[in-house]
Amino acid sequence: MRRPMIAGNWKMNKTPAETKALIEDLKAIENRSGAEVVVCPMTVSLFAAAEALKGSEIKLGAQNVHFADKGAYTGECNAASLKELGVEYVIIGHSERRQYFGETDLTVNQRTLKALEAGLKPIVCVGESLEQKQQGITNEIVCLQTKVALLGVTAEQLKDLVIAYEPVWAIGTGLTATPEDANNTIRAIRGAVEEVFGAEAAQSLRILYGGSMNDKNAHDLMAQSDVDGGLIGGASLVAEKFAGVINFN
Ligand code: 13P
């Protein structure tokens with residue numbers, strides 16, 4: 001059984017003080033679905049988040065991690081610091097990082113390996129652009145992204161890893177993949193993982209959907225056989241909406 005995961009990617013929103021306030025609201029939410037709930041604030045808000053989350057079941061995630069242990073990488077953040085703050089998960093290869101900050105499949109792989117080595121659990125993002133969708137090559141794109149991201153990952157490490165399928169055209173646009181399309185693409189990703197790691201490992205791997213997922217559409221998306229959770233942007237910034245996603249059932 002794959003435990004559902006609902007993760008909030010707060011992107012570049014919420015100052016440390018706002019982070020604390022939102023977490024206090026989230027802690028008051030009754031979790032009736034039993035999903036694992038994760039929040040991923042900005043790097044600079046992680047300390048405030050870790051403090052506010054003490055004693056809570058809600059897990060802490062970061063939005064990026066560098067692939068070097070330390071050194072001359074101005075503006076980056078290393079895995080050891082995230083671990084020290086109590087971060088458990090880290091989003092890697094989000095399409096906004098790929099689009100605006102030169103992230104490639106190869107750097108996604110490097111970051112993934114470093115995160116795992118440091119004991120962080122990667123949430124690796126894959127997803128096709130609108131042009132790629134229109135060309136009918138969605139599955140080829142996401143499967144290649146997945147396989148490159150997982151190069152050198154061991155079967156044991158895979159147990160700590162989560163994949164998020166986020167169609168780029170659905171992010172922040174209000175457009176969502178239909179539940180059936182999301183499920184089919186996620187099944188293709190699972191198939192790609194099976195080719196490398198075998199059926200059992202692929203069946204145990206959690207694969208989330210992301211892209212305009214909210215309290216209104218979460219139920220139908222989560223009802224699909226292979227959709228194991230959500231990576232939520234906009235709707236994770238408002239406690240009542242995020243509560244609706246957490247309680248998708
Ligand atoms: P939205 O939910 O705002 O579309 O963002 C999705 C996303 O990018 C989560 O990582």
Side-chain angles (χ1 to χ4, degrees), residues 4-14 18-19 22 26 35-43 45-46 49 58-65 87-101 103 105 107-108 111-112 115 120-130 132-133 138 141-142 145-146 149 161-179 181-182 185-186 189 206-222 224 227-248:
M5 171 186 279
I6 301 296
N9 174 9
W10 293 359
K11 307 192 180 184
M12 200 171 73
N13 297 290
K14 304 294 175 188
E18 290 167 348
T19 292
L22 179 51
L26 296 181
E36 184 176 22
V37 178
V38 183
V39 292
C40 305
M42 278 192 281
T43 307
S45 296
L46 285 171
I58 301 172
K59 310 278 181 65
L60 184 58
Q63 297 177 14
N64 190 24
V65 63
V87 170
E88 183 168 337
Y89 287 94
V90 57
I91 298 171
I92 296 177
H94 191 279
S95 65
E96 287 150 16
R97 302 264 347 142
R98 295 176 190 255
Q99 189 177 348
Y100 304 128
F101 302 103
E103 194 84 65
D105 289 346
T107 57
V108 170
R111 291 182 205 271
T112 300
L120 294 164
K121 299 175 180 171
I123 302 175
V124 176
C125 301
V126 299
E128 84 285 8
S129 68
L130 183 59
Q132 290 163 341
K133 174 183 161 64
T138 294
I141 294 293
V142 297
Q145 288 175 338
T146 301
L161 189 140
V162 177
I163 291 179
Y165 165 55
E166 299 206 309
V168 178
W169 50 268
I171 295 176
T173 58
L175 302 171
T176 324
T178 65
D181 283 351
T185 306
I186 287 177
I189 294 168
R206 288 186 293 185
I207 309 182
L208 318 180
Y209 169 80
S212 298
M213 188 164 168
N214 57 37
D215 48 327
K216 307 279 186 303
N217 56 29
H219 176 82
D220 291 347
L221 284 159
M222 291 300 293
Q224 298 293 316
V227 178
D228 302 321
L231 185 54
I232 321 298
S236 71
L237 296 170
V238 182
E240 303 76 56
K241 289 189 183 175
F242 198 47
V245 183
I246 292 166
N247 293 308
F248 56 83

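Atoms within a ligand are numbered from 1 in the order they appear, just like the ligands themselves. All values derive from a computational prediction rather than experimental measurement.
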Does ligand 1 have an atom under 4.0 Å from some heavy atom of [X]?
X	answer
S212	yes
G211	yes
A170	yes

Does any N or O in the side chain of [X] come within less than 3.5 Å of the main-chain N or O of [Y], such that one atom is a donor and the other an acceptor?
X	Y	value
N217	S212	yes
Y209	G211	yes
N13	W10	yes
S236	G233	yes
S45	K14	yes

Apply the test side chain to side chain contact (heavy atoms under 4.5 Å, CB included) to residues F242 and L22: give CA-CA distance (whole Å), side-chain angles for both, the deciding distance (0.1 Å), then the verdict. CA-CA 11 Å; F242 198 47; L22 179 51; over 6 Å; no

Using a 3.5 Å cut-off and no angle test, enumerate the donor-acceptor pairs between side-chain atoms of residues 162-172 and protein atoms at least two apart in sequence or in another chain.
unit_1 : atom_1 : unit_2 : atom_2 : d
Y165   : OH     : E128   : OE1    : 2.9
Y165   : OH     : E128   : OE2    : 3.2
E166   : OE1    : H94    : NE2    : 3.0
W169   : NE1    : E128   : OE2    : 2.8

So is there a nitrogen or oxygen of [X] less than 3.5 Å from a nitrogen or oxygen in ligand 1?
X	answer
L231	no
A235	no
E96	no
T173	no

Under 4.0 Å from one or more heavy atoms of G172, ligand 1 contributes atoms 1 (P), 3 (O), 4 (O)

Where does I171 meet ligand 1, judged by heavy-atom distances below 4.0 Å: at the side chain, the backbone, both, or neither? both

How far is [atom] from its nearest protein heavy atom, and which residue and atom name does that atom have?
atom	answer
atom 9 (C) of ligand 1	E166 OE2, 2.9 Å
atom 5 (O) of ligand 1	K11 NZ, 3.2 Å
atom 3 (O) of ligand 1	G234 N, 2.9 Å
atom 2 (O) of ligand 1	G233 N, 2.9 Å

Between Q99 and S95, do the side chains contain a donor N or O and an acceptor N or O under 3.5 Å apart? no

In short, V108 meets V124 closest at the heavy-atom pair CG1-CG1, 4.0 Å

